[in-house]
Amino acid sequence: MTALTRILSTTAFKLAAIYLTSFTALSVFLFIFISQNTDDLMNKQVVQTVDAEIQGLAEQYAQNGINGLVVGVERRVRSPNSNLYLILDYSGNVITGNIAYLPEKVLSVSDGRIQFVSYTPLGFAETDQNKAKAIVRIFELPGNFKLLVGRDLEDQVHLKSLLGDALTLWLVGMVVLAGITWFFLNRRILKRIDNLSMSSRQIMEGDLAGRLDVTGNGDEFDRLASNLNVMLDRIEELMKGLKEVSDNIAHDLKTPLTRMRGRVEAALRQNLSEDEGRECLEETLVETDELINTFNALLRIARVEAGSTGAELQSIKLGNIVKDVCELYEPVAEDDGVEFSVSLEDEPVIEGDRELLAQALANLIENALKYGRPTEENIKPTIKVVLSGNDEQAILSIEDNGAGIAAADRERVCNRFVRLDSSRHAPGSGLGLSLIKAVVTLHHGELQLTSAGTADDSESDKQSGLRARIVLPLNRGQRGEGEGNEAWDKARKKNATS
């Protein structure tokens, strides 16, 4: 593509051409409109002037006859003005007047009608350069005399010429100004677009750390670049997460698959009894179920994050969910020697999916049962489930007195397959908190991990147990009339179409 073709194909050039064409057409229209209306107005004034002169001459003719008319015309001719007069005898000879030449066909029309004619003023040679425009009336008088009264249109012609020159100057100036404006704007826009395109190509070639230039002047290109940079930050974050997930999947699945393959190979090499073969198959089946559960958890997380779970967002009492889930785990906690307590300080009503919220709470309680045990043997493990709220939020807290999670790991631990047990000997897939976070995000809430026994994160490095808090927005009806929850409306529509 040549440079000229590239410029002509730009939006800036097309817009400039459209604006220039529109303004030119509008200017020509205005010129024609003003010119025609000005001509009409001035012609009416000229006709009124001619008629007034005719009225005066008619009075003189009525009083003094042809001689008085001649005297009156001669007196008017000597006065410098734009009026035209001519008196001819019966032979066509000029008796008096200030017109040197007039076409015969004009003189033949002597009924007093208005005529637009070309004439040669008195004292000038009969040439095209000396001809002028005029409005005249011609009357035939008794004795075959003819009287012409008119007015020169030089002022009108001059005014029209000025208007034409003004239009030409306006159009030329507009074209030049449009060209200059287009040149600088197009150059600037093309430069910004070229920079965006170059940065985009670098990113597409694999430089995910590259970002679009932001000049800081706050124009539309800066806003576009800023939004794209935010999108690129999110893409880079997702790509890093995908890499970590892939590495973790490979690590977590390779070991059980290798173990299963080794067990099957050993079973094939050995002459196993029926009981030994059955035991080998049962162990293989258990590990197969664990792999299937891992993949099901991954799919569940992906569906929740995409909002395509088919979740029915409806008004529910969070306290009922907490009661039902805690009733299931109280016997388990008692068998494990864990002190399990539930406190319902409030009965908040939220808008959400009962099944997903119950699963999130169950996962948190299971994590507390698995990993929330004190490091000292003489301390009894405890789990506290507290439901509270305020005017805007419902707060569900699950607290244990175990080792807790270091502040540096609390954000990372919510990612897929992240396990603080680096050797990965403890049971689990590292997907529990990821699923909880996805469910909470779907409900427009927040998952907060802090040290137990602290109101904030000021003592976050102390390993004094873990407090997991799920903060959810209240149902808009409970928050008060007029406080619509647009986020929930969008979520409801999205799930209705899923």
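Please read all numbers here as calculations on a predicted model, not as lab measurements.
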Of the non-hydrogen atoms in [X] and [Y], which two are nearest, and what is the gap between them?
X: Pro473; Y: His443; answer: CD-O, 3.6 Å
X: Leu474; Y: Pro348; answer: CD2-CB, 3.6 Å
X: Leu167; Y: Val28; answer: CD1-N, 4.4 Å
X: Leu364; Y: Ala468; answer: CD2-CB, 3.9 Å
X: Gly97; Y: Leu122; answer: O-CD2, 3.7 Å
X: Ala225; Y: Val214; answer: CB-CG2, 3.9 Å

What's the spacing between [X] [atom1] and [Y] [atom2] if we round to 0.5 Å?
X: Ile87; Y: Leu148; atom1: CD1; atom2: CG; value: 10.0 Å
X: Asn98; Y: Glu74; atom1: CG; atom2: CD; value: 11.5 Å
X: Gln36; Y: Ile34; atom1: CD; atom2: CD1; value: 11.5 Å
X: Leu147; Y: Phe139; atom1: CG; atom2: CZ; value: 7.0 Å

Within the structure provided, determine whether [X] and [Y] are in side-chain contact (heavy-atom separation under 4.5 Å).
X: Gln393; Y: Val471; value: yes
X: Leu88; Y: Phe145; value: no
X: Ile99; Y: Thr120; value: no

Given 3.5 Å as the limit, does a donor-acceptor pair link the side chain of [X] with the main chain of [Y], or not?
X: Asp89; Y: Gly92; result: yes
X: Ser108; Y: Lys105; result: yes
X: Thr49; Y: Gln45; result: yes
X: Arg469; Y: Gln448; result: no
X: Lys146; Y: Ser110; result: no

_I'd like to know if the side chain of Gln314 pairs up with that of Asp353 as donor and acceptor (distance under 3.5 Å, no hydrogens or angles considered)._
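No, no side-chain donor-acceptor contact under 3.5 Å.
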- Arg211 versus Asn229, side-chain donor and acceptor atoms under 3.5 Å: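 Distance-only check fails for Asn229 and Arg211.
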Take Val109 and Arg113 through the test side chain to side chain contact (heavy atoms under 4.5 Å, CB included) and record every step on the way to the result.
CA-CA 8 Å; Val109 181; Arg113 73 179 67 172; 3.7 Å; yes
Is [X] salt-bridged to [Y], going by a charged N under 4.0 Å from an acidic O?
X: Lys133; Y: Asp152; result: no
X: Glu53; Y: Arg76; result: yes
X: Asp324; Y: Arg354; result: yes

What verdict does the side chain to side chain contact (heavy atoms under 4.5 Å, CB included) test give for Leu159 and Met42, after you've listed the backbone C-alpha separation in whole Å, the side-chain angles of each residue and the deciding distance to 0.1 Å?
CA-CA 10 Å; Leu159 177 60; Met42 295 186 71; 3.7 Å; yes
key: Derivation and outcome, side chain to side chain contact (heavy atoms under 4.5 Å, CB included), residues Gln156 and Val46   = CA-CA 10 Å; Gln156 287 179 259; Val46 169; 3.7 Å; yes
For this session: Determine, stepwise, if the pair Ile350 / Leu357 fulfils side chain to side chain contact (heavy atoms under 4.5 Å, CB included).
Result: CA-CA 11 Å; Ile350 67 169; Leu357 291 172; 3.4 Å; yes
